[in-house]
S.K.: 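So that we are looking at the same thing, I have put the structure below in structure tokens.
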Amino acid sequence: MLLVIFLISLVSRTLAITASLNTDEGLWIYRGSQFIKRLFEGDLTHTILKHHPGVPNMWLTGSGMLANCWLNKFFGGFLGVDLPPDIGACLNLEQFPINLYIIPRLVQAVVTSACMVCIYLLTRRLLGQAIALCTIILLLLEPFFLAYQRFITTDALQADFAILAVLLFLLYVRKGGKRKLLLASGIFLGLATAAKITALFLLPAIAIIIGLIELGVWQETFPPRGWKQQLRGFRLWLATILVTFILIFPAMWVSPGYVLDRIRDGVLQESDRGFLFFLGQLTHSPGILFYPLVLVYRLSPILQVGLIATAIVLLIPKLRRRQKNMPAIAAIALMAIWVILILSASDNKIDRYINLCLPMLAILAAIGWLEIIAGVTRWLNKLFPLREKSLQWGYLIIFALQLVLLFPYHPYYLTYYNPLFGGAVAAQNIFMIGQGEGLEQAAQWLNQSPNVKEIKVASWYSRYFSSYFYGQVLPVDKRIPSGVQPWTQANRVVFYKNQLQRQLPEPKMLAYFAKQQPLYTVRLQNIDYAWVYPGPLALVEDLKRIQFPLSLSFGEKVRLLGYDLNQTKISANDELIVTFYWEFLAPLPGDISIKISLRDRQNHISNFSSTPLIDGYVFPENITPGTVLRDVHKLKISPSTSPQRYQLEVEGFSFKKGQVIGEVEVVK
């Protein structure tokens, strides 16, 4: 049984191992590499790289990256990527091709799969074989939980270590519990805290449970030990957490004050991150409905049915009395509810934070499912003698249901939203959608371009995108610095779903591209996740596809190579989108606008607009001679415009009079 649990867990975490990076994984493989590098250099103070602080992650990802570097040194070409032969230089990389993620992901998969085995063993010891087996079946194939178990981020290890700490603590306070269980619990909660500081949210819940035990609420399972003994045990437990945190964190060996200041400042800064999207609007603080809706949309129907059944069991005294381990069940329920409440009290709300309590919810759901199976068995026994095998059939049915639900989302498990409530189509109007899934498809499509290594692509989540794309990647940054925006130097620009939801980096830039048709769209679970647009710098293949080729000089410095129209017949009150291809032959003055207009048969201008190059994002004086810019403009057709053919005129640069470049017909 233990081997089966381990193998199912390992396979589910490593199948399609190079697919769908999470947007934070590039940061953690970088931090892990820097952590190991600074450890070797003796720079222990700066082994803190983030306030989370993600120490177990950095040990694992750093060790995985070190293995990559050693393999490259002794078996050059084995990894299929070009790395520096020097170990220090290899660990100092900032960009990581996708092949470098394989070993770090494998290392984490082994650790998290071992944790699944331990969760099963400890749950069996605390609550019995039936609940343990049902719990592990639910947890192994829960889409949202599995998604983060595959990622080398802080959430997987925090969730796994935290539930082990909780189970060990409950075994300790149970009748006959030994001190070594308390020490083991402290070690695992120390590891969970070192993974993500929010594991400390469990401390008040544990304190409440100790208080309830001493008040004699659960004395049949958790006998009172006396306040003094409980306090001594609690102090020992806290000391074990602290010692574990210090022992695995080199920065704490030499600069504990510096580390604690970094953690405090980082937590305060992250709690005020802003740029969130909830219930169809931008917000800096999603309200109290956020996590209830997360539980509705992110949990599987199988888990939800089990939780509803458990809630009924807890509320009905007759059913409650049938439970052999009711105090332990109530304690787990209390901790899960506490975590959700304290998460709800924070302004900074992200759906992945519920990973901390998902294993507890799986345990609770297992209890409900066993009650359902028992009820169905009693009903069926009136007709068929199935009692002896009904539980085994129940396990198989739950496993099959979870597997059938999970399969359509492989390997993009984060695209899962509860299909009973409209799935991703409904969720896109409620939550921020997308944490990297689908971007690699955009990169793979672009990799098919001729001379791909010479192409520059600007992308949201540029570190993620560069792991898959063969060419040069430029950032699209939400922090808008003064000067030239990197995306203005790109041949292609890639947008992402949650970027558009949050209107980042700014609405003006997004509106410029919204006028255009994407070259490629990534669609997952019936919604668009990523779009590839042509960028401001035209490629040779773009020039070959110009709809209306020209060679029209605008003075000695600029030539119009042609233009595209979104439509040649347009209705009044509609928008005409004109895309110009300008070739620049010499430096230009900075105050340049492009005026487009329609002139009727009576030589009257009926519609016109005047906007700068690339909506003002390009500085003409900085344009290198020989550059070909793809420049998009919009002309709103007035509702009063009479139906007829109009001459399309363009005016700009040194010309003070419009040049006719074609015709447009306005129709009814």
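We number each residue from 1, following the sequence as shown.
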S.K.: Working to the nearest 0.5 angstrom, can you tell me the gap between Leu71 CG and Leu66 CG?
M.R.: 9.5 Å
S.K.: Return yes when atom NE2 of His284 has more than 12 non-hydrogen atoms of other residues, nucleotides or ligands closer than 6.0 Å, and no otherwise.
M.R.: no
S.K.: Working note: Leu314 + Met326, criterion side-chain contact (heavy atoms from CB on, under 4.5 Å); need CA distance, chi angles, decisive distance, verdict.
M.R.: CA-CA 9 Å; Leu314 293 175; Met326 197 62 230; 2.6 Å; yes
S.K.: Has Arg174 got its NZ or CZ under 6.0 Å from the middle of the six-membered ring of Phe222, at an angle within 45 degrees of the ring axis?
M.R.: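 Output no; distance or angle outside limits.
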S.K.: Does one side chain, of Asn348 or Tyr353, offer a donor that lies under 3.5 Å from an acceptor on the other?
M.R.: yes
S.K.: State, without any angle test, whether Arg523 and Tyr529 hold a side-chain donor-acceptor pair at a distance under 3.5 Å.
M.R.: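 Not at all, the side chains of Arg523 and Tyr529 share no donor-acceptor pair under 3.5 Å.
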S.K.: Compute whether any side-chain donor of one residue and acceptor of the other, for Glu142 and Ser300, lie under 3.5 angstrom apart.
M.R.: yes
S.K.: By the definition side chain to side chain donor-acceptor pair (under 3.5 Å), identify the one residue from Asn355, Thr193, Thr198 that meets it with Gln158.
M.R.: Thr198
S.K.: Would you check if Asp160 and Cys118 make a side-chain contact, meaning some heavy-atom pair closer than 4.5 Å?
M.R.: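 No, their side chains stay 4.5 Å or more apart.
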S.K.: Between Arg124 and Leu121, is there a side-chain heavy-atom distance shorter than 4.5 Å?
M.R.: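 Contact flag for Leu121/Arg124 side chains = yes.
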S.K.: Look up atom OG1 in Thr221 and atom CG in Leu126, then write down how far apart they are to the nearest 0.5 Å.
M.R.: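 Going from the OG1 atom of Thr221 to the CG atom of Leu126 covers 9.0 Å.
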S.K.: Say you draw a straight line from CD1 of Ile136 to CD1 of Ile119; how long is it, rounded to the nearest 0.5 Å?
M.R.: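 CD1 of Ile119 is found 5.5 Å from CD1 of Ile136.
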S.K.: Exactly one of Leu303, Leu299, Asp351 should register a side chain to side chain contact (heavy atoms under 4.5 Å, CB included) with Phe144. Which one does?
M.R.: Asp351
S.K.: Does the Gln149 side chain pair with the main chain of Leu140, one donor and one acceptor, at a distance under 3.5 Å?
M.R.: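 No: the side chain of Gln149 does not pair with the backbone of Leu140.
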S.K.: State the CD1-CG distance between Ile332 and Leu364, to the nearest 0.5 angstrom.
M.R.: 6.5 Å
S.K.: Between Gln525 and Ala424, which heavy-atom pair has the shortest distance, and what is it?
M.R.: O-CB, 4.0 Å
S.K.: In sequence, state the C-alpha distance, the side-chain angles, and the governing distance for Tyr470 and Gln444, and then conclude on side chain to side chain donor-acceptor pair (under 3.5 Å).
M.R.: CA-CA 9 Å; Tyr470 300 151; Gln444 289 159 4; over 6 Å; no
S.K.: Give me the atom names and distance for the closest heavy-atom approach of Ala426 to Tyr297.
M.R.: CB-OH, 4.0 Å
S.K.: Which atom pair, heavy atoms only, marks the closest approach of Arg105 to Asn22?
M.R.: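 Answer, listing the atom of Arg105 first, then Asn22: NH2-N, 4.4 Å.
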S.K.: In terms of ring plane angle, is the pair Phe290 and Phe431 parallel, tilted or perpendicular, where the classes change at 30° and 60°?
M.R.: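 Answer is perpendicular, since the angle exceeds 60°.
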S.K.: Could you pull out the closest heavy-atom pair between Leu212 and Leu334, with the gap in Å?
M.R.: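 Residues Leu212 and Leu334, closest heavy atoms: CD1-CD1, 3.8 Å.
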S.K.: So Lys196 and Asn57, do their side chains get closer than 4.5 Å, heavy atoms only?
M.R.: no
S.K.: Judged by modelled atom types alone, do Tyr148 and Gln435 share a side-chain donor-acceptor pair under 3.5 Å?
M.R.: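 Checked: Tyr148/Gln435 side chains pair up, N/O donor to acceptor below 3.5 Å.
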S.K.: Would you call Arg463 and Val473 a side-chain contact if the rule is heavy atoms closer than 4.5 Å?
M.R.: no
S.K.: We want to know whether Glu25 and Tyr30 form a side-chain donor-acceptor pair, criterion being a heavy-atom distance below 3.5 angstrom.
M.R.: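 Tyr30 and Glu25 do not have a side-chain donor-acceptor pair below 3.5 Å.
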S.K.: If you draw a 6.0 Å radius around CZ in Phe421, do more than 12 non-hydrogen atoms from other residues or ligands fall strictly inside?
M.R.: yes
S.K.: Are Trp28 and Met58 side-chain neighbours, meaning at least one heavy-atom pair lies under 4.5 Å?
M.R.: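 Counting from C-beta outward, Trp28 and Met58 do come under 4.5 Å.
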S.K.: Could you check whether Ser466 and Gln95, counting side-chain N and O atoms only, form a donor-acceptor pair closer than 3.5 Å?
M.R.: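 There is such a pair between these side chains.
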S.K.: Do Val494 and Trp531 pass the side-chain contact (heavy atoms from CB on, under 4.5 Å) test, and can you show the C-alpha distance, the side-chain angles, and the key distance before you say yes or no?
M.R.: CA-CA 6 Å; Val494 178; Trp531 300 262; over 6 Å; no
S.K.: How long is the span from the OH atom in Tyr496 to the OG atom in Ser459, to the nearest 0.5 Å?
M.R.: 10.0 Å
S.K.: Could you grab the distance from atom CG of Leu127 to atom CD1 of Ile367, nearest 0.5 Å is fine?
M.R.: 6.0 Å
S.K.: Could you report the tightest heavy-atom contact between Leu361 and Leu307, atom names first, then the distance?
M.R.: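 Looking at all heavy atoms of both residues, the closest pair is O-CD2, 3.4 Å.
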S.K.: So do the side chains of Lys349 and Phe278 get within less than 4.5 Å of each other, counting heavy atoms only?
M.R.: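 Contact flag for Lys349/Phe278 side chains = no.
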S.K.: Is Asn99 reaching over with its side chain to a backbone N or O of Leu79, donor-acceptor style, under 3.5 angstrom?
M.R.: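 Yes, the answer is positive, given that a donor and an acceptor are paired below the 3.5 Å cut-off.
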S.K.: Donor-acceptor check, side chain of Glu440 to backbone of Ala19, threshold 3.5 angstrom: yes or no?
M.R.: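 No; judged by distance alone, with no hydrogens or angles, the pair does not exist.
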S.K.: Do Glu270 and His52 come close enough that some side-chain heavy atom pair is under 4.5 Å?
M.R.: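 The answer is yes; the side chains approach within 4.5 Å.
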S.K.: Has the side chain of Trp369 got a donor or acceptor atom that lies under 3.5 Å from a matching backbone atom of Ile302?
M.R.: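 Side chain of Trp369 to backbone of Ile302: a pair is present.
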S.K.: Could you tell me whether the side chain of Arg150 and the main chain of Ser12 form a donor-acceptor pair under 3.5 Å?
M.R.: yes
S.K.: Tell me if a side-chain donor or acceptor on Asp347 pairs with a main-chain N or O of Ser285 at a distance below 3.5 Å.
M.R.: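 No; judged by distance alone, with no hydrogens or angles, the pair does not exist.
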S.K.: Measure the shortest side-chain to side-chain distance between Ile152 and Leu21 over non-hydrogen atoms and say whether it is less than 4.5 angstrom.
M.R.: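 No, every pair of side-chain atoms sits at 4.5 Å or beyond.
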S.K.: If we count only N and O atoms by modelled type, under 3.5 Å, do the side chains of Tyr412 and Gln441 hold a donor and an acceptor together?
M.R.: yes
S.K.: Mind listing the closest non-hydrogen atom pair of Trp338 and Pro204 along with its distance?
M.R.: CZ2-CB, 3.4 Å
